[in-house]
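Comments concern the structure below.
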2 protein chains.
Amino acid sequence: METRRDVFQAIADPTRRAILGMVAKEATNVNAIAGQFEVSRQAISLHLKILAECGLLQIKQQGRERICEARLENLAEVNRWVSQYRKFWTNKLDALENYLDTTFSTDSHEKSGENIEGK
Amino acid sequence: METRRDVFQAIADPTRRAILGMVAKEATNVNAIAGQFEVSRQAISLHLKILAECGLLQIKQQGRERICEARLENLAEVNRWVSQYRKFWTNKLDALENYLDTTFSTDSHEKSGENIEGK
DNA sequence: TATATTTGCAAGCACCTACTTGCGTATCAT
DNA sequence: ATGATACGCAAGTAGGTGCTTGCAAATATA
């Protein structure tokens, strides 16, 4: 059982999703983020570390402050995985949506191989 | 720290994602699923239980077998959350994609309130 | 009926996670 | 220089997670 630290695990925690929601609107420093939650600054600091480790967040030192800004590109991985099952929750205009996804997106959807990725 | 059991956490585990990949192709019984992984049947059984608890899987008793079939409708929640950050990883045709998502999907995207859901 | 198959349940274990409190350090303001 | 501010590091803790092995129950097959 090796330690996983991927995007899927990062967004599994509701606090971390909320943090991403905050910094996505505006880059914020650590204390300002912590102030929005009831848990301690240390707890938030750890969440930030985890988010930074999988690239969803970038922390820039600025004097004595650390500004956290969202880097949500890696969410594309989640989007890709979920999108392959799109037909399960909607059956309208699948063809058109998939056409748009696979044709115009920067990331290549349906790269395959992710299905049996769980070893 | 109450126990969470939501879709985000369910798909955080790579083994569970792989299980979903299997059953999405074809409904399968427990042993057949377990046979595809190196972990014990009990471990898989627990994964199945978790997936069933958050509605991603439906287990139907059939004689002595339990057939697991994918019910991935709840992945729409993940899709909705991720989609709001789509602009972070692609900037092509956002408007059109969002238009299609919000107009023709069965689920109402951007239901709001999920942003600051982390308490 | 005897045996094999499919499966759940329960106990136990190592590790991970989310959290706390206490303390130290760098930076800024006065 | 002095004090306040922003922050990381370290230690400690309760409970969660992923896994195992052993056993029992239900169903199918011989």
Side-chain angles (χ1 to χ4, degrees), chain A residues 1-23 26-54 56-69 116-119, chain B residues 1-23 26-54 56-69 116-119:
Chain A
M1 235 194 328
E2 75 252 27
T3 302
R4 283 173 290 108
R5 181 120 313 170
D6 59 15
V7 182
F8 285 94
Q9 210 215 347
I11 65 169
D13 187 279
T15 303
R16 284 197 288 268
R17 288 200 299 280
I19 289 174
L20 290 181
M22 276 192 68
V23 296
E26 188 183 6
T28 322
N29 71 345
V30 177
N31 266 358
I33 295 170
Q36 293 297 114
F37 299 90
E38 284 174 354
V39 297
S40 72
R41 177 176 55 79
Q42 292 313 315
I44 296 297
S45 193
L46 183 59
H47 283 310
L48 293 174
K49 193 180 174 189
I50 290 170
L51 289 171
E53 273 177 17
C54 56
L56 290 173
L57 200 74
Q58 198 173 28
I59 304 178
K60 291 179 180 174
Q61 190 83 33
Q62 207 164 96
R64 66 181 162 184
E65 296 183 20
R66 278 170 186 243
I67 310 295
C68 306
E69 62 177 57
I116 322 162
E117 131 256 34
K119 168 63 150 358
Chain B
M1 238 195 326
E2 75 252 23
T3 302
R4 284 172 289 106
R5 181 118 314 169
D6 59 16
V7 182
F8 285 93
Q9 210 215 348
I11 66 169
D13 187 277
T15 303
R16 284 197 287 270
R17 288 200 299 282
I19 290 174
L20 291 181
M22 275 192 68
V23 296
E26 188 182 6
T28 322
N29 71 343
V30 178
N31 265 359
I33 295 170
Q36 293 297 113
F37 300 90
E38 281 175 357
V39 298
S40 71
R41 179 178 54 80
Q42 292 310 317
I44 297 297
S45 194
L46 182 60
H47 283 309
L48 293 174
K49 192 180 174 188
I50 290 170
L51 290 171
E53 274 177 16
C54 56
L56 290 173
L57 199 73
Q58 199 175 27
I59 304 178
K60 291 180 180 174
Q61 190 82 35
Q62 206 166 96
R64 68 183 160 181
E65 296 183 20
R66 278 170 186 242
I67 311 296
C68 305
E69 63 178 57
I116 322 162
E117 129 259 31
K119 195 346 184 34

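Below, read A as the first sequence line, B as the second, and so on, with proteins coming before strands; counting in each chain starts at 1.
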Does the base of dG18(D) carry an N or O that pairs as donor and acceptor with the side chain of Arg16(B) under 3.5 Å?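 Check fails, no donor-acceptor contact within cut-off.
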For Gln42(A), which contact category applies under a 4.0 Å heavy-atom criterion: base, sugar-phosphate, or nothing?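 Contact class for Gln42(A): base.
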Identify whether any heavy atom of Ser40(B) sits under 4.0 Å from a base atom; if not, whether one sits that close to sugar-phosphate; answer base, sugar-phosphate or nothing.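 Touches a base.
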So which nucleotide from [options] ends up closest to the side chain of [X]?
| X | options | result |
| --- | --- | --- |
| Asn29(B) | dC19(D), dT6(C), dA18(C) | dT6(C) |
| Asp13(A) | dA18(C), dG8(D), dC19(C) | dA18(C) |
| Thr15(A) | dT7(C), dC19(C), dG8(C) | dC19(C) |
| Glu65(A) | dA6(D), dC19(C), dG18(D) | dA6(D) |
| His47(A) | dG8(C), dA18(C), dT6(C) | dA18(C) |
| Arg64(B) | dT20(D), dA6(D), dT5(C) | dT5(C) |
| Val30(B) | dT17(C), dG8(C), dC7(D) | dG8(C) |

Between Ile50(B) and Leu57(B), is a side-chain contact (heavy atoms from CB on, under 4.5 Å) present by the stated rule, with each step listed? CA-CA 9 Å; Ile50(B) 290 170; Leu57(B) 199 73; over 6 Å; no
Stepwise side-chain contact (heavy atoms from CB on, under 4.5 Å) test for Cys68(B) and Ile59(B): CA-CA 5 Å; Cys68(B) 305; Ile59(B) 304 178; 4.2 Å; yes
